[in-house]
Amino acid sequence: MKIDVLSLFPEMFAGVFGHSILKKASEAGAASYNVVNFREYADNKHQTVDDYPYGGGAGMVLKPQPIFDAVSDIKSKSDANPRVILLCPQGERFTQKKAEELAESEHLIFICGHYEGYDERIREQIVTDEISIGDYVLTGGELGAMVVIDSVVRLLPNVLGNQESHMKDSFSTGMLEHPHYTRPADFRGLKVPDVLTSGNHLHIEQWRQRESLKRTYQRRPDLLEQIDLTDEERNWLEEIKKEQI
């Protein structure tokens with residue numbers, strides 16, 4: 001996957017792309033990153049990328065020309081048809097499902113804004129996806145882009161050490177993930193559930209499924225409204241509800 005990022009602060013991405021899973025993905029050839037300062041595409045001698053909004057109001061608005069030209073230049077060098085992603089509070093809320101969808105793409109272009117907002121013609125003419133990582137406002141789109149890129153790249157083939165890891169992540173199954181334990185089995189009197197040391201893989205899997213359902217009911221019951229539960233899961237849910245009384 002090829003990933004291009006348009007940002008006025010490209011240095012912010014050095015640490016993110018140079019460590020952990022994103023670095024591993026790059027070294028393995030699964031993903032490549034290119035961060036472009038779109039100020040370099042400004043067609044005025046002062047490289048101005050923002051201006052006052054028509055009609056007045058607070059703040060400055062990003063001009064269309066630098067971003068239009070930057071995206072056009074990147075596209076002209078691509079063999080794919082890139083998806084152009086705008087990070088903004090007005091976009092659709094980012095989910096694991098969206099990450100899985102984007103992970104199928106060959107080329108992604110992220111636009112990170114600053115100031116009050118974008119000229120509307122950017123949204124209308126060159127953007128394919130608008131994404132928000134939550135109902136709050138950040139100084140710019142850089143942190144949002146980092147979040148989306150991290151969640152997408154880890155889904156690419158051969159990036160995670162265990163290919164099944166992301167399949168059972170929270171939200172990948174529609175529910176929150178079950179609790180995890182590791183050695184020692186008894187830590188300061190706090191013991192691992194017996195089923196996990198039983199060696200009975202069927203019982204272990206059933207325990208994990210039930211605990212996943214329980215945790216989702218306790219912490220994110222809204223998620224259960226979007227899931228078609230099996231008969232077994234519905235029975236478990238009734239038991240869990242009785243346990244809470």
Side-chain angles (χ1 to χ4, degrees), residues 1-42 47 49 62 64-89 91-115 118 122-123 126-134 138-163 165-167 169 171-172:
M1 175 183 286
K2 183 178 181 182
I3 296 175
D4 287 281
V5 182
L6 304 185
S7 170
L8 294 175
F9 303 95
E11 61 277 6
M12 290 180 65
F13 290 86
V16 174
F17 291 158
H19 292 86
S20 190
I21 294 298
L22 294 185
K23 179 182 179 182
K24 178 183 177 182
S26 176
E27 292 175 341
S32 65
Y33 316 113
N34 178 44
V35 187
V36 177
N37 188 335
F38 61 86
R39 190 180 297 279
E40 298 173 2
Y41 287 86
Q47 292 190 309
V49 296
L62 285 173
Q65 178 273 317
I67 294 177
F68 266 68
D69 287 357
V71 170
S72 178
D73 186 32
I74 292 171
K75 281 187 171 183
S76 71
K77 302 171 184 176
S78 178
D79 296 327
N81 184 24
R83 292 178 73 158
V84 182
I85 300 166
L86 191 72
L87 282 304
C88 69
E92 68 174 290
R93 186 181 294 185
F94 190 57
T95 63
Q96 185 67 18
K97 182 178 179 180
K98 187 69 174 181
E100 292 168 357
E101 176 191 327
L102 293 177
E104 299 296 324
S105 305
E106 295 181 36
H107 187 180
L108 301 176
I109 301 174
F110 292 84
I111 302 176
C112 305
H114 259 70
Y115 312 118
Y118 306 91
I122 296 171
R123 301 179 193 273
I126 63 176
V127 169
T128 61
D129 302 84
E130 294 186 46
I131 290 177
S132 168
I133 62 169
L138 298 171
T139 304
E142 284 77 11
L143 295 176
M146 293 174 193
V147 168
V148 175
I149 292 169
D150 183 276
S151 65
V152 169
V153 169
R154 66 187 299 277
L155 299 178
L156 299 179
N158 303 317
V159 170
L160 295 180
N162 185 335
Q163 283 304 106
S165 294
H166 69 78
M167 297 178 185
D169 285 340
F171 306 111
S172 290

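At least one side-chain heavy atom of I3 sits under 4.5 Å from a side-chain heavy atom of I149. Inter-residue side-chain proximity for K24 and N158 is flagged as unmet; no heavy-atom pair is nearer than 4.5 Å. Proximity of T139 to Y115: side-chain heavy atoms (C-beta onward) are nowhere separated by under 4.5 Å.
In this structure, the side chain of Y33 engages the main chain of L22 through a donor-acceptor pair within 3.5 Å. Side-chain atoms of T128 come within 3.5 Å of backbone N or O of V84 as a donor-acceptor pair. With hydrogens and angles ignored, the 3.5 Å screen pairs a side-chain donor or acceptor of Y118 with a backbone N or O of G113.
Scanning all heavy atoms of the two residues, the minimum distance from S78 to P82 falls at OG-CG, 3.9 Å. Closest approach of L156 to A30, counting heavy atoms only: CD1-O, 3.5 Å. Considering all non-hydrogen atoms of both residues, G144 and L138 come closest at N-CD1, 4.3 Å. Heavy-atom minimum distance, A103 versus L155: CB-CB, 3.9 Å.
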Test log, rule side chain to side chain contact (heavy atoms under 4.5 Å, CB included), inputs F9 and H114: CA-CA 10 Å; F9 303 95; H114 259 70; 3.3 Å; yes

Step-by-step side chain to side chain contact (heavy atoms under 4.5 Å, CB included) determination, K97 to E101: CA-CA 6 Å; K97 182 178 179 180; E101 176 191 327; 5.9 Å; no

Stepwise side chain to side chain contact (heavy atoms under 4.5 Å, CB included) check, V5 with C112: CA-CA 7 Å; V5 182; C112 305; 3.7 Å; yes

Evaluation steps, side chain to side chain contact (heavy atoms under 4.5 Å, CB included), between V35 and L6: CA-CA 6 Å; V35 187; L6 304 185; over 6 Å; no

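Partners of S151 under the side chain to side chain contact (heavy atoms under 4.5 Å, CB included) rule, at least two apart in sequence or in another chain, are F94, A99. By the side chain to side chain donor-acceptor pair (under 3.5 Å) test, E92 pairs with K98, sequence neighbours left out. Not counting sequence neighbours, the partners of D69 by the side chain to side chain donor-acceptor pair (under 3.5 Å) test are Q65.
A distance of 11.0 Å separates SG of C88 from CD1 of I122, quoted to the nearest 0.5 Å. The CD atom of E142 lies 5.0 Å from the CZ atom of F13; values are rounded to the nearest 0.5 Å. For the atom pair CZ (F110) and CZ (R83), the distance works out to 10.0 Å, reported to the nearest 0.5 Å. Atom CD1 in I74 sits 4.0 Å away from atom CG in D4 (nearest 0.5 Å). Rounded to the nearest 0.5 angstrom, L102 CG and L108 CG are separated by 6.0 Å.
Paired with I111 under the rule side-chain contact (heavy atoms from CB on, under 4.5 Å), one option of V71, L62, I85 passes, and it is V71. Under the side-chain contact (heavy atoms from CB on, under 4.5 Å) rule, I126 has a single partner from L86, I67, I109, which is I67.
Using modelled atom types and a 3.5 Å distance limit, the side chains of H107 and D79 yield no donor-acceptor pair.
Between K2 and E106 there is no salt bridge, since no side-chain nitrogen of the basic residue lies less than 4.0 Å from a carboxylate oxygen of the acidic one. Between D150 and R154 there is no salt bridge, since no side-chain N of the basic residue sits under 4.0 Å from a carboxylate O of the acidic one.
Q47 CD: more than 12 foreign heavy atoms inside a 6.0 Å radius.
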